[in-house]
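Report on the following structure.
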Amino acid sequence: MDVMELAKRRGFFWPSFEIYGGAGGFYDYGPLGTLLKWNIIETWRKIFVIEEGFYEIDTPTVNPEEIFIASGHVDHFVEQMVRCKSCGEAYRVEDMLEELRMSVESLTSEETEEKLRNLKCPNCGGDFGKTEEFNTMFRTSIGPAGGKTGYLRPETAQGMFISFRRLSKIARGKLPFGIAQIGRAYRNEISPRQGVIRLREFNMAEVEIFFDPEENSTHPKFKEVENEKIRILPAENQEERKKGEEVEVTLREASERYFLNEFFSYYIWLTKRFLLEIGIPEKALRFRQQLDEERAHYSADTWDAEVKTERFGWVEVAGHAYRTDYDLKRHMEFSGEDLSVFVAFESPREVEKLKVYPRMERLRKKMKGQALGKLIEITKKENEKILRELNEKGELEFDGVRLTREDFEVKKEKERVTGKKVIPHVIEPSYGIDRPIYCILELNYLEEGERIYLRLPPKIAPIKCGVFPLVSKDGLPEVAKEVDSLLRKRGIYTYYDESGSIGRRYARMDEVGTPYCVTVDYQTLEDGTATLRYRDTKEQIRLRIEEIPSFILREMGVLC
RNA sequence: GCGGCCGUAGUCUAGUCUGGCCUAGGACACUGGCCUUCCAAGCCAGUGACCCGGGUUCAAAUCCCGGCGGCCGCACCA
């Protein structure tokens, strides 16, 4: 028996499109898997949206092409492809060049084509044409034939950057603030394998925290957690990927020695909390710093949360990227919109500043009216730039006229500055949903002789409570059904079962991680009590029926 | 994408090499009934499979070709 088999058989998840032969990289969630997924998402929302107060949004999965040109995905998500001129067969350039022991990255496109001219099509011996770029994002078109090119998003993050201006207004211009998004993303993987670990369509939950790198390096809640410990594997300890010596440090130490700042540490801590709450055992968790060559194009530093699994080894379940101001800057550049935030100082500051003014009496002789008008305008707008140029070169050219320092007057002025414009930097904690689901199942899967059970935290278990009549006669089923509906009315997901022996019914519930079972027996008919059995210990206690719903909610930690 | 191995009910598997005795066998699970006073008990009955397509043959789960999918290694994994 293994957990994948259990997942399929009991309806957690299975490969999609089975009756048509399937397609790699797609999985269905079954009834139990769907419940489990929502419970995980709810746990996540409780931490990030409710406790931390990050604003949750929901943006489209299909995006126009410009967005991914600006974000860098169109350039960085490509593979080169080449077609044979006579038979039309397509090949990956990388595979072709491998025979020459060359890598594409080290060559320009002209050089690549030059090399390919010496090779022949393995299929028909024909010549190769020009290289084409093959992007592994899912491409689609928006609107009817000839419409706009679009892509399915490879991360939910872009939606949060695109709407930054609006979101910043809603956050009333304050920094730092965080945006959260839960949703699907798509990557047309070359060869997805490893079941639910590597999907072409997957679920993720991401947060973008926007902050002012000059002001917000400390986090108000950091003090509460600074002595908590985490296990980390910094880049300096990795002679190669996935291997190396882990160190146990406090968040304070990590913050001083390894991480960008307290801010970053705090979010690493939240990740640990989240993963422990959904049932990842602490001993199977570590934070690993990505090596330079692994990092995404937008990241200056990335630490992954990794979970050690039996089947797949260390699995990355969350990443924490320091995206700097890369995304906002790029979107500013490509959209022409100002995505900076005005940060007011606590009190206005007096600043002495050098300002440059055109000397009108001299300039009137040098240039015509219209050009002079333009110069005045530009001097107002780009005062600093002109001053710098004059200082560095001693002159500047404007509208074909050479202007020297003598044409300008430089004055020292006091200026009242009330704040500054900041392009926020971004820390991105990004979580997979599908991968943790697998990890939770595998790491909580226990076999004790004949008995198989999933030791899921009650809060995330799909079914909370089994409800059984001890035997299916003498009016017991009727009472048990009443108990069942009592629980459901309180929002507790139950499973009513009266078939087979009582032991078999407990076993069925154990197998899918149901933490509690309530059994109605003959004593129930006399005094209105029923037994409540715990999954992990198999112990039973007796409770009055009407107390059961609140009791279970308290046990789950939902009620206090 | 490359190379190796593989694909039989819900699950695990027998059968494949050596084509016919396969109307495809078993175990567990599941459904219905009987029984059953707390941990997969028992009895009876039942549902349910040769990945898809083509070929060879009198005859294909079995041999051949193609596709799809899976596992392992390489590559890829923003």
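Since this is a predicted model, take the numbers as computed values, not measurements. Residue numbers begin at 1 in each chain, while the letters A, B, ... track the order of the sequences.
Rounded to whole Å, the P atom of B:C34 lies 29 Å from the corresponding atom of B:G25. Rounded to a whole angstrom, the distance from the P atom of B:G54 to that of B:G10 is 23 Å. Rounded to the nearest Å, the gap between the P atom of B:U47 and that of B:C51 is 22 Å. One C1' atom belongs to B:G4, the other to B:A59, and the distance between them is 33 Å to the nearest Å. The separation of B:G46 from B:A29, taken at their C1' atoms, amounts to 14 Å, rounded to a whole angstrom. Taking atom P in both B:U56 and B:C65, the straight-line distance is 15 Å, to the nearest Å. Here the separation of B:U16 from B:C22, taken at their C1' atoms, is 12 Å to the nearest Å. Here, B:A24 and B:G48 have their P atoms 12 Å apart, quoted to the whole Å.
For B:G32, the paired nucleotide is B:C44, the pair qualifying as Watson-Crick or G-U wobble because both relevant distances are below 3.5 Å. The partner of B:G1 is B:C74, judged by Watson-Crick or G-U wobble contacts that both fall below 3.5 Å. With a 3.5 Å ceiling on both atom-pair distances, B:U62 lacks any Watson-Crick or G-U wobble partner. For B:U16, there is no paired base (Watson-Crick or G-U wobble, both distances below 3.5 Å). Base-pair partner of B:A49: not found among the strands shown (Watson-Crick or G-U wobble, both distances under 3.5 Å). Within the shown strands, nothing qualifies as a pairing partner of B:A24 under the Watson-Crick or G-U definition with both distances less than 3.5 Å. Judged by Watson-Crick or G-U wobble contacts below 3.5 Å, the nucleotide B:U56 has no partner.
For A:S501, counting side-chain heavy atoms from C-beta on, the closest listed nucleotide (B:U31, B:A41, B:C38) is B:A41. For A:R533, taking side-chain heavy atoms from C-beta onward, the closest of the listed nucleotides B:C39, B:A41, B:U37 is B:C39. Listed nucleotides B:U11, B:A40, B:C39 differ in distance to A:R9; the shortest reach to its side chain belongs to B:U11.
Within 6.0 Å of CD in A:E478 there are more than 12 heavy atoms belonging to other residues, nucleotides or ligands. Dense packing is recorded around OH of A:Y534, with more than 12 heavy atoms of other residues, nucleotides or ligands lying under 6.0 Å away. Within a 6.0 Å sphere centred on CD of A:E246, other residues, nucleotides and ligands contribute more than 12 heavy atoms.
You'll find the ring centres of A:F202 and A:Y27 outside the 6.0 Å limit. The aromatic ring centroids of A:F259 and A:H320 lie 6.0 Å or more from each other. Between A:Y438 and A:F312, the distance from one ring center to the other falls under 6.0 angstrom.
Residue A:R505 contributes atom CZ, which lies 12 Å from atom C1' of B:U37 at whole-angstrom precision. Between A:L476 atom CG and B:U36 atom P the separation is 14 Å, expressed in whole Å. Summarising the geometry, the separation between CD on A:E5 and P on B:C30 is reported as 13 Å, rounded to the nearest angstrom. The interatomic distance linking A:Y506 (OH) with B:A40 (P) rounds to 11 Å, in whole Å. Nucleotide B:C38 holds its C1' atom 13 Å from the CG atom of A:L532, rounded to whole Å. As a whole-Å value, the separation of A:W314 CH2 from B:C77 C1' is 19 Å. A:I452 places its CD1 atom 11 Å from the C1' atom of B:U11, with the value rounded to the nearest Å. Distance A:F312 CZ to B:C72 C1': 12 Å, rounded to the nearest Å.
Between the side chain of A:S472 and the base of B:U36 there is at least one donor-acceptor pair of N/O atoms closer than 3.5 Å. The base of B:C39 is not paired with the side chain of A:R451 by any donor and acceptor separated by under 3.5 Å.
In terms of position along RNA chain B, the nucleotide closest to A:K8 lies nearer the 5' end than the nucleotide closest to the other residue of the pair A:K8 and A:G500.
A salt bridge links A:D521 with A:R542; the closest basic N to acidic carboxylate O contact falls under 4.0 Å.
In this structure, A:S299 reaches neither bases nor backbone, as no heavy-atom distance under 4.0 Å exists between it and the strands shown. Within the nucleic acid shown, A:E155 has no heavy atom closer than 4.0 Å to any nucleic acid atom. Residue contacts shown for A:P154 include a base, since a base heavy atom lies under 4.0 Å away. Using a 4.0 Å heavy-atom criterion, one finds that A:R198 contacts the bases of the nucleic acid, with or without backbone contacts as well.
Between A:R10 and B:U11, a side-chain N or O to OP1/OP2 separation shorter than 4.0 Å is absent. Between A:R504 and the phosphate of B:C30, there is a side-chain N or O to OP1/OP2 separation shorter than 4.0 Å. Between A:K473 and B:U36 there is a side-chain N or O to OP1 or OP2 distance below 4.0 Å.
Once the 5.5 Å centre distance and the 30° plane angle are applied, the aromatic ring of A:Y522 is found stacked with the base of B:U37.
With hydrogens and angles disregarded, no donor-acceptor distance shorter than 3.5 Å links the side chain of A:R323 to the backbone of A:E208.
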